[in-house]
Amino acid sequence: MNEIFLRIVPVLAIFALGAVLRAFKICSRHDGDMLLKLVFYVGIPGLVLPLFAKVAITPKLAQLVLVAPAIVLITYLAAQFLGRRMTFDRKRLGTFIIGSITINTLFVLPFVLAAYGTDGFADAMMID
């Protein structure tokens, strides 16, 4: 547990640095949006494409591919159940459900890389 925590600390420190830079008005929201686009369109493909050549498609990995749709289905059912109990109007209920089932793995990837290394990262990207 401590080893995983020590691997994740630098990722958390980067998030904290971003919050501090924004709080002291050194960087703006526009700067963060631009950096996110740069990472999303340049950094992630640059990291992922070379890893795909090394990934061995195993039955274990094939089973993991079924996990993502299962998570989306379970999340949809839970969001629909809770949303109806909260008495949202139709537009808010739809937004609540869609927002709940949207899985944005981009924000999870640094943690996966820190915790599981390049092999786990490659598996996560294959599933995504």
Side-chain angles (χ1 to χ4, degrees):
M1 179 67 178
N2 289 334
E3 181 182 338
I4 292 174
F5 180 73
L6 289 175
R7 288 182 177 186
I8 292 175
V9 166
V11 176
L12 296 174
I14 290 171
F15 281 117
L17 177 63
V20 168
L21 291 174
R22 187 167 177 200
F24 286 104
K25 301 195 186 306
I26 296 170
C27 293
S28 68
R29 181 178 181 91
H30 174 72
D31 297 328
D33 291 343
M34 190 62 165
L35 183 60
L36 183 62
K37 285 180 185 178
L38 181 67
V39 168
F40 187 76
Y41 291 113
V42 177
I44 297 295
L47 284 172
V48 171
L49 292 177
L51 293 176
F52 284 165
K54 298 177 185 177
V55 173
I57 305 298
T58 62
K60 178 184 172 188
L61 185 61
Q63 289 173 353
L64 287 176
V65 171
L66 300 175
V67 170
I71 290 172
V72 170
L73 178 62
I74 291 167
T75 306
Y76 168 76
L77 294 172
Q80 187 177 39
F81 176 78
L82 291 172
R84 292 196 189 281
R85 300 288 179 278
M86 293 180 189
T87 63
F88 289 140
D89 62 35
R90 186 171 169 85
K91 287 182 181 180
R92 287 184 190 216
L93 177 62
T95 302
F96 179 73
I97 291 172
I98 297 297
S100 297
I101 65 173
T102 302
I103 299 173
N104 191 347
T105 56
L106 179 63
F107 297 108
V108 177
L109 293 178
F111 297 101
V112 171
L113 184 59
Y116 299 106
T118 55
D119 291 339
F121 182 78
D123 289 349
M125 290 308 300
M126 288 293 287
I127 292 166
D128 191 35

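Grouping the Ile, Leu, Val, Met, Phe, Trp and Tyr side chains by contacts below 4.5 angstrom, directly or via other members, places Phe96 with Leu73. A single hydrophobic cluster is seen to contain both Tyr76 and Leu82, as judged by linkage of ILVMFWY side chains at heavy-atom distances under 4.5 Å, directly or through other members.
By the side-chain contact (heavy atoms from CB on, under 4.5 Å) test, Val11 is found to be paired with Phe15, Pro110, Phe111, Ala114, residues two or more places apart in sequence or in another chain being considered.
The side-chain hydrogen bond (donor to acceptor under 3.5 Å, both in side chains) pairs that include a residue from residues 9-22 number zero, where partners must be two or more places apart or lie in different chains. Pairs engaging residues 66-82 under the salt bridge (charged side-chain N to carboxylate O under 4.0 Å, His left out) rule: none recorded [sequence neighbours left out]. For residues 4-13, the pairs satisfying side-chain hydrogen bond (donor to acceptor under 3.5 Å, both in side chains) are Glu3-Arg7, with sequence neighbours left out.
Across every non-hydrogen atom of Leu6 and Pro10, the tightest pair is O-CD, 3.3 Å. Taking every heavy atom of both residues into account, Val112 and Gly120 meet most closely at CG1-O, 3.8 Å. Of all heavy-atom pairs between Ile101 and Val72, the closest is CG2-O, 3.8 Å.
Grouping Ile, Leu, Val, Met, Phe, Trp and Tyr by side-chain contacts under 4.5 Å, direct or through others, puts Ile26 with Leu17, Val20, Leu21, Phe24.
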Less than 3.5 Å apart, which donor and acceptor atoms pair up between the side chains of residues 83-94 and the rest of the protein, not counting sequence neighbours?
residue: Asp89; atom: OD1; partner: Lys91; partner atom: N; Å: 3.2
residue: Asp89; atom: OD1; partner: Arg92; partner atom: N; Å: 2.8

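The distance from atom CG of Leu36 to atom CG of Asp31, rounded to the nearest 0.5 Å, is 12.5 Å. The OG1 atom of Thr118 sits 9.5 Å away from atom CG of Asp123, with the distance rounded to the nearest 0.5 Å.
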